[in-house]
Amino acid sequence: MEKLIQLGYDMSRLWEHYWSRYLVGVRNTLILAIVATLAGCLIGFVCGVLNTIPYTKQDPLPKRFVLKLVRVLVRAYVEIFRGTPMMLQAVFIYYGLPYFTDGAVAFKGNSGIWIASLLVVSINTGAYMAESVRGGIISIDPGQTEGAKAIGMNHVQTMTSVILPQALRNIMPQIGNNFIINIKDTSVMFIIGFIEFFAQHRNIVGVNNMFFPSASIEMIGYLTMTLTASALLRWAENRMDGSDSYELVQADPLVMTAGTYSHPGKGTPFDERSREYDGKEDR
């Protein structure tokens with residue numbers, strides 16, 4: 001108990017002296033995570049849609065060649081960025097691009113560090129979201145695509161009006177999962193000098209050597225951000241689900257005729273009956 005009291009005292013002293021620096025780190029972490037997640041979702045949606053464009057042997061050769069090439073490129077992008085650590089991706093983008101371009105492409109100053117960090121986290125998130133979107137699209141009943149084609153909708157109309165709205169709801173948990181992961185994984189951006197929440201902890205510890213009390217503040221801060229994000233995402237999912245109870249809208253004349261026919265009171269158990277008249281005898 002004495003150690004816990006001492007820990008609380010040390011944490012309060014750190015917070016009193018460095019609260020503004022901690023909050024700047026939280027702000028930078030949230031901005032990077034939110035913007036990169038949105039950009040990554042956009043990349044993932046584009047890659048997922050491109051990866052699911054159908055083609056047959058009867059299609060022209062140029063179309064089949066282009067679609068196969070697109071799938072190969074998307075697959076290479078996904079495998080490379082899912083199969084390597086984000087820290088190394090940051091090193092390769094921040095230091096590698098200037099190296100291979102002889103300084104023509106370089107990330108200079110604080111704005112350059114922001115651009116590089118957003119680029120790294122967005123591309124990394126997009127690689128994961130590409131597979132999530134592809135899975136969400138193929139999880140939709142193929143009959144809906146066939147029905148859309150039957151009424152004259154082309155592939156773009158089918159995707160935007162029929163498939164993607166349903167796929168979006170199916171992949172919402174994965175979007176939330178990637179956002180929460182990004183809140184934590186932005187901590188690796190300190191390798192290129194980005195000052196987020198964890199980098200502030202490293203800087204503060206370098207001044208006073210109070211590593212564990214500062215790490216405890218970090219733990220509470222990250223947990224607060226992730227729990228808040230989880231609550232907001234669950235609220236968004238519930239809003240997308242809509243109401244639990246639905247009423248049949250009988251505006252169509254054909255629908256209005258439902259239940260207007262009174263079945264005879266006698267018959268076999270196999271007779272079809274309207275639910276409005278179940279248990280009622282004709283009089």
Side-chain angles (χ1 to χ4, degrees), residues 33-59 63-84 86 89 121-185 226-249:
I34 292 172
V35 175
T37 301
L38 293 175
C41 287
L42 181 60
I43 295 172
F45 266 93
V46 172
C47 291
V49 171
L50 290 176
N51 210 18
T52 55
I53 296 177
Y55 64 89
T56 63
K57 293 182 179 180
Q58 287 72 34
D59 289 328
K63 177 182 178 180
R64 285 183 287 153
F65 174 78
V66 170
L67 291 178
K68 286 183 178 180
L69 178 62
V70 166
R71 293 189 180 186
V72 169
L73 294 176
V74 170
R75 174 55 58 188
Y77 157 64
V78 169
E79 294 300 334
I80 290 173
F81 282 91
R82 285 198 314 175
T84 54
M86 189 187 293
Q89 295 168 16
V121 182
S122 298
I123 293 176
N124 184 273
T125 303
Y128 286 92
M129 284 305 305
E131 287 298 282
S132 299
V133 172
R134 186 177 70 88
I137 290 174
I138 64 178
S139 69
I140 305 301
D141 186 356
Q144 300 200 29
T145 302
E146 296 171 1
K149 290 181 178 180
I151 61 174
M153 298 177 72
N154 58 34
H155 182 71
V156 175
Q157 293 172 327
T158 301
M159 293 300 296
T160 56
S161 301
V162 179
I163 304 300
L164 285 181
Q166 299 177 75
L168 177 61
R169 174 61 188 89
N170 291 343
I171 65 176
M172 270 297 292
Q174 186 60 34
I175 293 176
N177 189 46
N178 283 327
F179 176 54
I180 291 173
I181 289 174
N182 284 341
I183 290 177
K184 298 179 295 180
D185 282 358
T226 55
L227 288 177
T228 302
S230 296
L232 291 175
L233 291 165
R234 289 182 185 277
W235 174 83
E237 289 180 25
N238 291 333
R239 293 284 295 178
M240 293 181 70
D241 286 339
S243 176
D244 290 335
S245 59
Y246 301 90
E247 293 183 1
L248 181 63
V249 178

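Values below: all heavy atoms of this structure, side chains included; hydrogens, waters and symmetry mates excluded.
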Undergrad: List the atom of Ala236, the atom of Met172, and the distance in Å for their closest heavy-atom pair.
TA: CB-CE, 4.2 Å
Undergrad: Would you compute the distance between atom CG of Asn238 and atom CG of Leu233 and round it to the nearest 0.5 angstrom?
TA: 11.0 Å
Undergrad: Once salt bridge (Lys or Arg N to Asp or Glu O under 4.0 Å) is applied, do any residues pair with Arg75, and if so which ones, sequence neighbours excluded?
TA: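 Result, salt bridge (Lys or Arg N to Asp or Glu O under 4.0 Å) vs Arg75: Glu79, Glu131.
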Undergrad: Considering all heavy atoms of both residues, which atom of Ala36 and which atom of Val121 are nearest to each other, and what is their separation?
TA: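 For Ala36 and Val121, the tightest heavy-atom pair comes out as CB-CG1, 3.4 Å.
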Undergrad: Not counting sequence neighbours, which residues clear salt bridge (Lys or Arg N to Asp or Glu O under 4.0 Å) with Lys149? List them please.
TA: none
Undergrad: First locate atom CE of Met153, then atom CD1 of Ile163, and finally report the distance between them rounded to the nearest 0.5 Å.
TA: 9.0 Å
Undergrad: For Ile123, does its backbone N or O pair with a side-chain atom of Tyr77 as donor and acceptor, under 3.5 Å?
TA: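 Looks like yes, one N/O pair under 3.5 Å.
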Undergrad: Do Asn51 and Val133 have side chains that approach each other closer than 4.5 Å (heavy atoms only, starting at C-beta)?
TA: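 The answer is no; the side chains never approach within 4.5 Å.
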Undergrad: Please confirm whether the backbone N or O of Ile53 pairs with a side-chain atom of Arg71, one donor and one acceptor, at under 3.5 Å?
TA: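 Such a contact is found between Arg71 side chain and Ile53 backbone.
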Undergrad: Using every non-hydrogen atom in the two residues, find where Ala229 and Phe179 come nearest and quote the distance to one decimal.
TA: CB-CE2, 3.5 Å
Undergrad: Just by distance, do the side chain of Ser161 and the backbone of Thr158 share a donor-acceptor pair under 3.5 Å?
TA: no
Undergrad: Hey, could you give me the OG1/CD1 distance between Thr228 and Ile180, rounded to the nearest 0.5 Å?
TA: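 Spacing of OG1 (Thr228) from CD1 (Ile180) equals 10.0 Å.
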Undergrad: More than 12 heavy atoms of other residues, nucleotides or ligands under 6.0 Å from CZ of Arg234: yes or no?
TA: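 Counting neighbours around CZ of Arg234, 12 or fewer heavy atoms of other residues, nucleotides or ligands fall under 6.0 Å, so no.
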Undergrad: For the atom pair OG (Ser122) and CE (Met129), what is the distance rounded to the nearest 0.5 Å?
TA: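 Separation between the atoms: 12.5 Å.
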Undergrad: Specify the closest pair of heavy atoms between Gln89 and Phe81, including all atoms of both residues, with the distance to one decimal.
TA: NE2-O, 3.0 Å
Undergrad: Is the shortest side-chain heavy-atom distance between Cys47 and Val78 below 4.5 Å?
TA: no
Undergrad: Tell me, with the steps shown, if Ile175 and Leu168 meet side-chain contact (heavy atoms from CB on, under 4.5 Å).
TA: CA-CA 9 Å; Ile175 293 176; Leu168 177 61; 4.0 Å; yes
Undergrad: Say you draw a straight line from CG of Asn177 to OG1 of Thr37; how long is it, rounded to the nearest 0.5 Å?
TA: 10.5 Å
Undergrad: Is there any side chain to side chain donor-acceptor pair (under 3.5 Å) pair reaching into residues 163-172, and which pairs are they, with sequence neighbours excluded?
TA: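 Qualifying pairs: Ser139-Asn170, Gln144-Gln166, Arg169-Asp241.
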Undergrad: With rounding to the nearest 0.5 Å, note down the distance linking CG in Leu73 to CG in Leu50.
TA: 10.0 Å
Undergrad: Could you tell me if the side chain of Ile137 sits less than 4.5 Å from the side chain of Leu164, heavy atoms only?
TA: yes
Undergrad: Of all heavy-atom pairs between Ser132 and Gln174, which one has the smallest distance, and what is that distance?
TA: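 Between these two residues, the closest heavy atoms are OG-CG, 2.9 Å.
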